[in-house]
Amino acid sequence: MPVNSLREYLDLLDTTGWLRPFDQPVSWDLEASAATMLANIRDGPIPVFESITGIETESKLVGDPYRGPQARPWNHFAQALDLPDGLSGRTYYDRVIDRLNAPTAPRTVASHEAPCKETVRTGNEVDLLSFPWPYIHEGDGGRYSNHHTIVAPDPDTEWGTWSSHRMMIHDSSRASLLLLAGEQVPNRYYYDYEPRGEPMPVAVVIGSEPTVESTADMWIPTGRSEAAFAGGLKGAPVDLVQCETNDLYVPATAELVLEGHVRPDDRLDEGPFGDYFGYMNGPRRSMPVFEVDAITHRDEPRIPFCVEGSGVGYGQNSTSTLRLVAAGPDATVGLRAAGFDVAMAVPWRFTSRTVWVIATDRPYPGYLHELANFIFTTWGMLHIDFFVFVDVAVDPLDPRAVLTAIALEADPDADFHQFGVERMPKVPLNIYQTPDEKGSADVGTSKAKTAKAYIDATTDGETTETTTETRKRAQERLVEAGLDAARFDRLDEREAKSQ
């Protein structure tokens, strides 16, 4: 059966040797993140810090719980979905795409049935500082929660909308949210609630089950429910429960839920932060205030965090893994629904918010330009800087195969294409714009436009099946025949280390 909570997922990792409890005291101040960073780099077990110094708390910190093995990043998530062992990357994508094509509506449960309501704090009992929020990178503007799901109202869906925006803790009841205009939830606040002078109800859900955590970062179409797609991924309804202080519904098995509202025309400092681009992102900016009205949580809540960018590289943490194993299949579904003949859309695991590889046929001249333009002007416009297009026979999950395709098939003169210097919008989380170009602090987005580009690494003629495809099928047949799938993991690991 698929797992239904973060705890069940951690138990699954424990049974497979991928969990490492730390009994010795560890500080939330850089120590937990440093240990997590080393585990990420070394492809070690997921660390659970059970004793936190500097604070009296029953909470436990979990470092990058959704990071997958470096050679096969989809393995842990596949196990959480109760998929068969030994799936190749392409077969894994096929299975997930099948599930995304069958959304399953959530079900509601009563408060007494919801684990996230084991403790309920309201009024004077609300205290954000009673939890061990980590100070993740030296130079960060403060302590952060950066591995959570934000639930906000959506008039077009019954269950609201889910997203992911980092949160910097300020005091016992306030935090600042990185809301960048151009994304769905920030747009709702900046262009709907704030102009009317109304607070926007928000819930920050920390420690969600795997399918919830993954769908929060997908490009779900407007008017569709992330909760239904999470149920489709799991193959069963996600349990939701109503908040104590507003009408929002949140995942019932969450570890911790912060209920509150984003106040209109009110700002607090946010950042800098060592973000996913691999450097300290700044300058410090003013961002909307999240006022916490209630806190509900499980006994001894597990609080996950992600060591983004700085010092670790973006290819070996929870965020990059979830984008590879969930956002990639979701994008593939979306592009096919839009009429494009895409075999796989895969985020480049080392910079998965900025570069994507798309395996596709090229049915007519100009097709790739149309495809790139469609993505840049719809769901990928703010974050993605460029695409690499490869033939369907090239495995976009294999960095060596992609680089080989670029080296052999991409003509630097004819196959590198740009959409013009001032045509496309960009979030300010980049290193190549100056602070002035990053622009308006009011809505947190770039006032200048940036270039977007793509590389055509497809062959000129009709593609044929390659040895990679043949080997993939052979591996699947051997696994079906009962051969130890771990042998292929070791083979893939040796190949990954040789790249």
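Worth saying up front: this structure is predicted, and the values here are computed from it rather than measured.
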List the steps, then state whether side chain to side chain contact (heavy atoms under 4.5 Å, CB included) holds for L233 with S214.
-> CA-CA 9 Å; L233 273 178; S214 63; 3.5 Å; yes
Going through the distances and angles, do E308 and R166 end up as a salt bridge (Lys or Arg N to Asp or Glu O under 4.0 Å)?
-> CA-CA 11 Å; E308 293 280 17; R166 73 188 188 216; over 6 Å; no
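Applying the 6.0 Å contact sphere to CD of E138 captures no more than 12 heavy atoms from other residues, nucleotides or ligands. Crowding of R284 atom CZ: a count of heavy atoms from other residues, nucleotides or ligands under 6.0 Å exceeding 12.
Listed here is the closest heavy atom pair of G86 and R72: C-NH2, 3.6 Å. In this structure, P45 and A39 approach most closely via the heavy-atom pair O-CB, 3.7 Å. In this structure, G231 and V238 approach most closely via the heavy-atom pair N-CG2, 3.8 Å. Smallest separation of non-hydrogen atoms from S33 and V307: O-CG2, 3.7 Å. Of all heavy-atom pairs spanning L397 and P399, the tightest one is O-CD, 3.3 Å. Here the closest non-hydrogen pair linking G89 and W74 is N-CZ2, 3.3 Å.
A donor-acceptor pair is defined here as one N or O able to donate and one able to accept, closer than 3.5 Å; no such pair exists between the side chain of Y190 and the backbone of L180. In this structure, the side chain of S318 does not engage the main chain of C306 through any donor-acceptor pair within 3.5 Å. Judged purely by atom type and a 3.5 angstrom limit, N101 uses its side chain to pair as donor or acceptor with the backbone of I97. Using a distance-only test at 3.5 Å, with no hydrogens or angles considered, a donor-acceptor pair links the side chain of T360 to the main chain of D341. Checking side-chain atoms of R302 against main-chain N and O of V48 turns up no donor-acceptor pair under 3.5 Å. In terms of modelled atom types and a separation under 3.5 Å, the side chain of R67 and the main chain of S320 share no donor-acceptor contact. Distance alone, capped at 3.5 Å, places no donor-acceptor pair between the T215 side chain and the F229 backbone. With N187 contributing its side chain and A181 its backbone, the two residues share no donor-acceptor pair below 3.5 Å. Counting only distance, with no hydrogens or angles, the side chain of Q70 and the backbone of I41 share a donor-acceptor pair below 3.5 Å. In terms of modelled atom types and a separation under 3.5 Å, the side chain of R362 and the main chain of V390 share no donor-acceptor contact.
In this structure the side chain of Y66 never reaches within 4.5 angstrom of the side chain of P304, judged on heavy atoms. Under the 4.5 Å side-chain criterion, counting only non-hydrogen atoms from C-beta, M200 is not in contact with D192. Taking 4.5 Å as the limit, every side-chain heavy atom of F290 sits out of range of all side-chain heavy atoms of I150. By the 4.5 Å heavy-atom criterion applied to side chains, E194 and P288 are not counted as neighbours. Using a 4.5 Å cut-off on side-chain heavy atoms (C-beta onward), N146 and W133 make no contact. Looking at H148 and I303, their side chains never come closer than 4.5 Å, going by heavy atoms from C-beta outward. Proximity of V346 to L324: side-chain heavy atoms (C-beta onward) are separated by under 4.5 Å at one or more points. Looking at H147 and L322, their side chains come closer than 4.5 Å, going by heavy atoms from C-beta outward.
Residues passing the side chain to side chain donor-acceptor pair (under 3.5 Å) test with Y93, sequence neighbours excluded: none. In this structure R95 satisfies the side-chain contact (heavy atoms from CB on, under 4.5 Å) test together with L83, P84, L87, T91, sequence neighbours excluded. Partners of T104 according to the side chain to side chain donor-acceptor pair (under 3.5 Å) rule, which considers only residues two or more places apart in sequence or in another chain, do not exist here. The side-chain contact (heavy atoms from CB on, under 4.5 Å) search around S225 returns W159, A227, A228, not counting sequence neighbours. Partners of V355 under the side-chain contact (heavy atoms from CB on, under 4.5 Å) rule, at least two apart in sequence or in another chain, are W348, T351, F386.
Below 30°, between 30° and 60°, or above 60°: for F49 and F305 the angle between ring planes is below 30°, a parallel geometry. A perpendicular orientation is assigned to the rings of F273 and H137, their planes being inclined by more than 60° (bins at 30° and 60°).
A donor and an acceptor atom, one from each side chain of N317 and N40, are nowhere located under 3.5 Å apart. Checked by atom type, the side-chain pair Y135/E31 shows no donor-acceptor distance below 3.5 Å. Defined by atom type and a distance below 3.5 Å, a donor-acceptor pair is present between the side-chain atoms of Y454 and H369. With hydrogens and angles left out, the side-chain atoms of T459 and D391 include a donor and acceptor closer than 3.5 Å. For the residue pair H165/S163, the side-chain donor-acceptor check at 3.5 Å is satisfied. In this model, a donor atom of one side chain and an acceptor atom of the other lie less than 3.5 Å apart for H170 and S176.
Atom CG of D330 is separated from atom CD of E226 by 9.5 Å, given to the nearest 0.5 angstrom. Note that the OG1 atom of T332 and the CG atom of L100 stand 9.5 Å from one another [nearest 0.5 Å]. Atom CG of L268 and atom CE of M168 lie 7.5 Å apart (nearest 0.5 Å). Rounded to the nearest 0.5 angstrom, L10 CG and W18 CH2 are separated by 14.0 Å. Atoms CH2 and CE, from W162 and M218 in turn, are 10.5 Å apart once rounded to the nearest 0.5 Å.
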For residues 401-413, run the donor-acceptor check on the side chains, cut-off 3.5 Å, and write out each pair with its distance to 0.1 Å, sequence neighbours left out.
residue, atom, partner, partner atom, Å
T404, OG1, R400, O, 2.8
D411, OD1, D413, N, 2.8

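The pair D154-R188 meets the salt-bridge criterion, with a side-chain N (NZ, NE, NH1 or NH2) lying under 4.0 Å from an Asp/Glu carboxylate O. Under a 4.0 Å N-O distance rule, the pair R323/E213 does not qualify as a salt bridge.
With W356 as reference, I384 is the one residue of D385, I375, I384 to meet the side-chain contact (heavy atoms from CB on, under 4.5 Å) rule. Partner of L368 under the side-chain contact (heavy atoms from CB on, under 4.5 Å) criterion, chosen from I455, D456, N373, I358: D456.
Under a cutoff of 6.0 Å and an axis angle of 45°, R20 and F22 form a cation-pi pair.
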